[in-house]
**Q** 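Dropping a structure here in structure tokens format, bear with me for questions.
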Amino acid sequence: NVPLCDNYLPVIGHTHMLIGDGKKLLRSVKYICGETNKKGGVARCKLGLDYYYVITDPEDNLTVANGALQKHFFYQFASNWLGDGLVTSSGETWKRHRKLLSPAFSQQMLNIYTVVFNRESRNLISYIEIQMKSGPVLITAAFKEMALKALLSTAFGIEVEECDFNQKYMHAVDEVMAVLTRRIQNILLHNSFVYKLSALKKKEDELIETITTMSNKAINSKRRALKNKQESHENGCASEKKTQSLSDLLLKGLNDEAFTDKEIRNEVDTFIAAGSHTSSQLMTVVVMVLGSYPEIQDKVYQEIKSVCGDSDADVDKLQHPRLVYTEAVLKETLRLYPIAPVVFRKTENEIKLKNYTIPANSNCMLGIYGLNHHPVWGPDAHTFRPERWLEPGGVPDDPNAFAGFSVGKRNCIGKNYALISMKIMLVHLVRRYKVTADISKIEFKMNVLMVPSDNCYVKFESRK
Ligand code: HEM
């Protein structure tokens, strides 16, 4: 008795809504989420031969997020690229990896990473300083480069020397995501036999070859560095400091549960896609938003001046937690422009919701876009208003109503990493420049993630 979303056609159900380009697909995702909100937060849609339970009610969403930890078969489409990495794996493999890798995101590690976040923000400023002389700056590529360099350096201790490494790698990631999106849209290609014969599979193989060659190169350079460190340690010249960065955990393993070579590569590729791709997209959107709302930008600037002073010094671990308005701007941006607007799960057992029961072996679509626009956010749910995060009663009582980083046991492991790195970037950027942009002119599309489909140009003016 779970209601069906409108726009259902006989036999094919809602499959027709998958047809079209990435912009059309995003419109369909928003429509299904909106329909589910109208129907009380739980609804069904039919894609191909299968029904999907769509959940946008915050409480029910948490129940499903924690009750169905297994990923849906769409995630297996990425198995040639990400294997059993943290995003795509399920069951015992996921549990073991999540437990082993969590220490890399402890507060202590995040404090160590602030040095790199400051350094990469300064590199970004140097790039903008040159580019702004020729007019508005195309920012997406710059943020991608910055986020990838920061991730490789913090999580893996890898400093990339080759200047085209980042661009080639990120381009291949964009393209492989486009391939995955097209496969999801075409029900016939869900069958692995049919897919193997398709031109799309050939393209996927080529892209994965590029990605694998590059990540292997990066891992090998890290292995050499670790070996040298170990040798110098054996000679008594290294410090005794025990770090727990992602690469330490992956390469050394913990409690004899070391990762295999393939697992290491899969996690490196997973973290690059899940970590740097997402952060760079949100950074692009947040700068576009600040450029579109001068009064909000001014409030961010005033907060930065009062917390960090007038100097050009690095942001330290005591300062970034005090940037509460800046954090509210980031969260409000992610609420209205969720990078991952839907995630998919498969139930292993029956799950009881407030008003319905989802049977075992069902497909579930956790509608993050719908949750973030749910009526619990009030009549201005669709309005960009960062102040709501700081007002008493300004946000719903249930903290799981904000699902930008997903919720429950499989939420984003890099949530705090992302917020800190972006706050530090904003300090360096906003204290130096006034930015102007127009987010209303930007259309978004689905490319696995919800990303701008147009080039994002920003005008930078020096404040001094
Ligand atoms: C703005 C930035 C980010 C956003 C919006 C974001 C969002 C999300 C969301 C929605 C999920 C759930 C995905 C799913 O269930 O399919 C997720 C999972 C994940 N994220 Fe993030 N993320 C961000 C940054 C990061 C960063 C910086 C890292 C690492 C450095 C990271 C690593 C991961 C990993 C490994 C998972 C899988 C967790 C698991 O299944 O146990 N993310 N993220």
Side-chain angles (χ1 to χ4, degrees), residues 110-133 136-155 159-160 166 275-294 296-334 386 414 416-437 439 456-464:
L110 295 178
N111 288 343
I112 295 174
Y113 297 157
T114 56
V115 176
V116 175
F117 298 150
N118 277 292
R119 184 190 73 200
E120 291 309 326
S121 302
R122 287 186 192 282
N123 285 339
L124 176 81
I125 300 296
S126 308
Y127 172 85
I128 290 172
E129 199 63 29
I130 297 168
Q131 297 298 318
M132 64 189 266
K133 290 185 185 135
V137 179
L138 182 59
I139 53 171
T140 326
F143 284 131
K144 279 187 186 163
E145 167 120 11
M146 175 197 166
L148 178 59
K149 279 170 85 182
L151 187 94
L152 286 172
S153 179
T154 51
E159 307 298 337
V160 179
N166 297 328
S276 65
H277 222 67
T278 47
S279 302
S280 61
Q281 293 293 353
L282 188 62
M283 283 186 211
T284 302
V285 179
V286 85
V287 173
M288 290 297 292
V289 163
L290 287 179
S292 314
Y293 296 93
I296 292 174
Q297 184 182 160
D298 198 48
K299 278 186 172 182
V300 170
Y301 178 57
Q302 296 307 334
E303 179 179 79
I304 289 171
K305 277 212 310 186
S306 85
V307 172
C308 306
D310 282 326
S311 84
D312 185 33
D314 275 1
V315 186
D316 68 38
K317 63 178 183 186
L318 298 176
Q319 288 169 332
H320 64 72
R322 291 170 51 215
L323 294 165
V324 289
Y325 185 74
T326 309
E327 183 164 319
V329 169
L330 285 166
K331 286 185 177 161
E332 185 70 348
T333 306
L334 185 55
N416 292 332
Y417 178 110
L419 287 173
I420 296 172
S421 63
M422 286 186 284
K423 275 199 271 183
I424 292 180
M425 180 281 291
L426 283 180
V427 171
H428 286 272
L429 197 95
V430 174
R431 74 182 166 193
R432 200 170 172 114
Y433 305 113
K434 198 168 168 197
V435 297
T436 315
I439 187 94
C456 290
Y457 283 96
V458 173
K459 187 175 160 213
F460 292 87
E461 281 169 86
S462 275
R463 287 192 188 269
K464 284 172 198 156

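Basis for what follows: all heavy atoms, side chains included, without hydrogens, waters or symmetry-related copies.
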**Q** Between V287 and F143, does a side-chain contact (heavy atoms from CB on, under 4.5 Å) hold up when you go through it step by step?
**A** CA-CA 10 Å; V287 173; F143 284 131; 3.7 Å; yes

**Q** Begin with the C-alpha distance, continue with both residues' side-chain angles, and end with the deciding distance and a verdict on side-chain contact (heavy atoms from CB on, under 4.5 Å) for I125 and R432.
**A** CA-CA 9 Å; I125 300 296; R432 200 170 172 114; 3.4 Å; yes

**Q** For the residue pair T326 and M422, establish whether any side-chain heavy-atom pair is separated by less than 4.5 Å.
**A** no

**Q** Output the distance between atom CE (M425) and atom CG (N118), rounded to the nearest 0.5 Å.
**A** 12.5 Å

**Q** Using a 4.5 Å cut-off on heavy atoms from C-beta on, say whether the side chain of L290 contacts that of L426.
**A** yes

**Q** Please report the interatomic distance CG(D316) to CD1(I424), rounded to the nearest 0.5 Å.
**A** 9.0 Å

**Q** Answer yes or no: is there a side-chain heavy-atom contact under 4.5 Å between M146 and S121?
**A** yes

**Q** Do I420 and Y113 make a side-chain contact, defined as non-hydrogen atoms from C-beta onward lying under 4.5 Å apart?
**A** no

**Q** Is there a side-chain contact between R463 and V430 (heavy atoms, below 4.5 Å)?
**A** yes

**Q** Rounded to the nearest 0.5 Å, what separation is found between the CD atom of Q281 and the OG atom of S276?
**A** 10.0 Å

**Q** Show the nearest heavy-atom pair for residues V458 and I139, with the distance to one decimal.
**A** CG2-CD1, 3.5 Å

**Q** So, do V315 and K423 sit near enough that their side-chain heavy atoms are less than 4.5 Å apart?
**A** no

**Q** Taking atom types as modelled and ignoring hydrogens, do the side chains of Y433 and E129 form a donor-acceptor contact shorter than 3.5 angstrom?
**A** yes

**Q** Looking at E461 and K434, would you say the former's side chain and the latter's main chain have a donor-acceptor pair under 3.5 Å?
**A** no

**Q** Take T114 and H320 through the test side-chain contact (heavy atoms from CB on, under 4.5 Å) and record every step on the way to the result.
**A** CA-CA 10 Å; T114 56; H320 64 72; 4.0 Å; yes

**Q** What's the verdict on salt bridge (charged side-chain N to carboxylate O under 4.0 Å, His left out) for K331 and E327, showing C-alpha distance, side-chain angles and the deciding distance?
**A** CA-CA 6 Å; K331 286 185 177 161; E327 183 164 319; 3.3 Å; yes

**Q** Set out, in order, the CA-CA distance, both residues' side-chain angles and the distance that settles salt bridge (charged side-chain N to carboxylate O under 4.0 Å, His left out) for R431 and D312, then state yes or no.
**A** CA-CA 8 Å; R431 74 182 166 193; D312 185 33; 3.6 Å; yes

**Q** Considering all heavy atoms of both residues, which atom of C456 and which atom of M288 are nearest to each other, and what is their separation?
**A** CB-SD, 3.7 Å

**Q** Please check if the side chain of E120 supplies one atom and the backbone of K149 the other of a donor-acceptor pair under 3.5 Å.
**A** no

**Q** Measure the shortest side-chain to side-chain distance between V324 and E303 over non-hydrogen atoms and say whether it is less than 4.5 angstrom.
**A** yes

**Q** Could you give me the CA-CA distance, side-chain angles and deciding distance for F117 and D314, then say whether side-chain contact (heavy atoms from CB on, under 4.5 Å) is met?
**A** CA-CA 9 Å; F117 298 150; D314 275 1; over 6 Å; no

**Q** How far apart are the closest heavy atoms of L151 and Y417, and which atoms are they?
**A** CA-OH, 3.4 Å

**Q** Shortest non-hydrogen contact from P136 to Y457?
**A** O-CD2, 3.7 Å

**Q** Compare all side-chain heavy atoms of S153 with those of R119 and state whether any distance is below 4.5 angstrom.
**A** yes

**Q** Give the minimum heavy-atom separation between S279 and A418, together with the two atoms involved.
**A** OG-CB, 4.2 Å

